[in-house]
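Before any comments, here is the structure.
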Protein chains: 2
Amino acid sequence: MSDGEKEVKRIPDATVARLPIYLRSLLELSADTLTVSSEQLADSAGVNAAKVRKDLSYLGSYGTRGVGYDVEYLQSQMRRALGLTHDWPVVIVGIGNLGAALANYGGFGDRGYPVAALVDADPDVVGTEYGGLVVQPASSLADVVREHGIGIGVITTPAAAAQDVADALIEAGVNSILNFAPTVVTVPDGVSLRKVDLAVEMQILSFYQQRRES
Amino acid sequence: MSDGEKEVKRIPDATVARLPIYLRSLLELSADTLTVSSEQLADSAGVNAAKVRKDLSYLGSYGTRGVGYDVEYLQSQMRRALGLTHDWPVVIVGIGNLGAALANYGGFGDRGYPVAALVDADPDVVGTEYGGLVVQPASSLADVVREHGIGIGVITTPAAAAQDVADALIEAGVNSILNFAPTVVTVPDGVSLRKVDLAVEMQILSFYQQRRES
DNA sequence: GGGTGTGAAAGCCTTCACAGCA
DNA sequence: TGCTGTGAAGGCTTTCACACCC
């Protein structure tokens, strides 16, 4: 009987995308704040209180009526849901301006996503060092992934290379990808893809600006 | 009579966010491709054909039944909708790793968003040069905005400074903001805000990865 | 025949409003 | 009394399916 197993309540995508914001809000509360209301959380996350309550209800019922949510407990449940109970090593592929900046950034390691390796196809770039890591050749991608137990691949190559890199990452066993290259990348079912496209963001902004002016 | 003016058909947000992708797909077609079908565009944009047709229908009826869309004409209509008929100068505020990388990136100017100025609050950073631009002090933000006719502000400061920078940008007359700082920034009505949050993207990926493994 | 344009259906997400519990 | 948890309503987005035109 398919679907017969005791089903874990499915969490909507829109909710998943907000959990990290709530978690950050919780972490910003002073250490002696023991409970927080949906309205406080809503203010600090920039959404409305009903949405916070609905979102949190998908994780289970962790609030107390008349009181609010236990900060510590909510943090730990959220960390569990987001998989922050262990590290997720990351490989950055494509060490140009952006890739190098991310390698030097440091903010990833702190948050449980240590940059474990850098890879580039250009022989002139291979061997250079950023943030304490030596850039490896593209040919060693699969080895690097295996060796470091890489869970997430970050693509910062030019657009033309992005699909091939994604295919290689998937082939090597990575099934979470963050794509910064300005092109559409497609992945099979069972692989997660998120994208950050600066040119697209700019164009969306100028669309609305344009609208306002006319 | 509010709403009495001849109303331009409102374009849904979800559609606006896809227009830049379609435009890019159109630009990638070889120069001798005169028409394109919704299905071709859909393949190259990674969406389905009905969605392409609906999206394009908001711009007007630019297709020919049995034939497809005129590539050149569609490009020009799309450029017009996205406000790409003129440049939108950009200021980058916060010249750390990421800000400097964006300043050097160069891909913005090509696409109609020239980086016109760099601003930082740290006296040690002010005066240094990236991509041919000298970093200006935070105190000169309003002057810089006025002088260069800045339309878009990019925030790459630490989280703690982001809201103040946004307020200062808005005060100076900027009403499109792209925020890279890992914090919630709120803006008044009439100002557009887009955000890129790397830590959030990572956490979303690890959520789904986690799901898959359990 | 081929492919657009679009009502209508279906699905997803947000918001409301209030029952229910501490 | 105060605040959570949640059905129900409403709004937005996607997808279907087909009339219509080249």
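All values derive from a computational prediction rather than experimental measurement. Below, chain A is the first sequence line, B the second, and so on; all start at residue 1.
For D43(A) and dC3(D), the CG to C1' distance is 15 Å, given to the nearest whole Å. Atom P of nucleotide dC12(D) and atom CD1 of I11(B) are separated by 15 Å, given to the nearest angstrom. Straight-line distance from the CG atom of L56(A) to the C1' atom of dG5(D): 11 Å, rounded to whole Å. Regarding L34(A), its CG atom lies at a distance of 17 Å from the C1' atom of dC3(D), rounded to whole Å. Atom CZ of R10(B) is separated from atom P of dG11(D) by 13 Å (rounded to the nearest Å). Computed from coordinates, the E39(B) CD to dG2(C) P distance equals 12 Å when rounded to whole Å. In this structure, NZ of K54(B) is placed 13 Å from C1' of dA10(C), rounded to the nearest angstrom. Rounded to whole Å, atom P of dG2(D) lies 15 Å from atom CD of Q40(A).
Within 6.0 Å of atom CD in E39(A), 12 or fewer heavy atoms from other residues, nucleotides or ligands are found, so the atom counts as exposed in its surroundings.
Taking the six-membered ring where the residue is Trp, Y105(A) and F108(A) present perpendicular rings, their angle passing 60° and hence far from 30°.
When distances are taken from the side chain of A50(A) to each of dC13(C), dC16(C), dT4(C), the shortest belongs to dC16(C). For R65(B), the listed nucleotide lying nearest its side chain is dC20(D); candidates were dG2(D), dC20(D), dC13(C). Considering only the side chain of S61(A), dT6(D) comes nearest among dT6(D), dT14(C), dC22(D). For D13(B), taking side-chain heavy atoms from C-beta onward, the closest of the listed nucleotides dG5(D), dA8(D), dT13(D) is dT13(D). Comparing atom distances between the Y69(B) side chain and each of dT4(C), dA8(D), dC13(C) picks out dT4(C) as nearest.
Judged by closest nucleotide on DNA chain C, D55(A) is the one of D55(A) and G66(A) placed further toward the 5' end. Annotation: of the two residues near DNA chain C, N48(A) and V67(A), the 5′-most nearest-nucleotide partner is N48(A).
The side chain of K51(B) contributes an N or O atom lying less than 4.0 Å from OP1 or OP2 of dT15(D). Side-chain nitrogen and oxygen atoms of S38(A) include at least one within less than 4.0 Å of the OP1 or OP2 phosphate oxygen of dT4(D). Under 4.0 angstrom from either OP1 or OP2 of dG3(C) there lies no side-chain N or O belonging to Y62(B). Checking the phosphate oxygens (OP1, OP2) of dT14(D), a side-chain nitrogen or oxygen of R18(B) falls inside 4.0 Å.
Between I150(A) and I152(A), the shortest heavy-atom contact is CG2-O, 3.4 Å.
Within the nucleic acid shown, Y58(A) has no heavy atom closer than 4.0 Å to any nucleic acid atom.
The closest side-chain heavy-atom distance from M202(A) to W88(B) is not below 4.5 Å. Side-chain contact between K195(A) and V200(A): absent, with no pair of heavy atoms (C-beta onward) separated by less than 4.5 Å.
For a distance-only test at 3.5 Å, the side chain of R53(B) qualifies as a donor-acceptor partner of the base of dG5(C).
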Can you give each donor-acceptor pair under 3.5 Å made by side-chain atoms of residues 167-179 of chain B, sequence neighbours left out, with the distance rounded to 0.1 Å?
residue	atom	partner	partner atom	Å
D167(B)	OD1	Q163(B)	NE2	2.9
N175(B)	OD1	Q209(A)	NE2	3.0
S176(B)	OG	Q209(A)	OE1	2.8
N179(B)	OD1	A181(B)	N	2.9
N179(B)	ND2	A181(B)	O	3.2
N179(B)	ND2	T183(B)	O	3.3

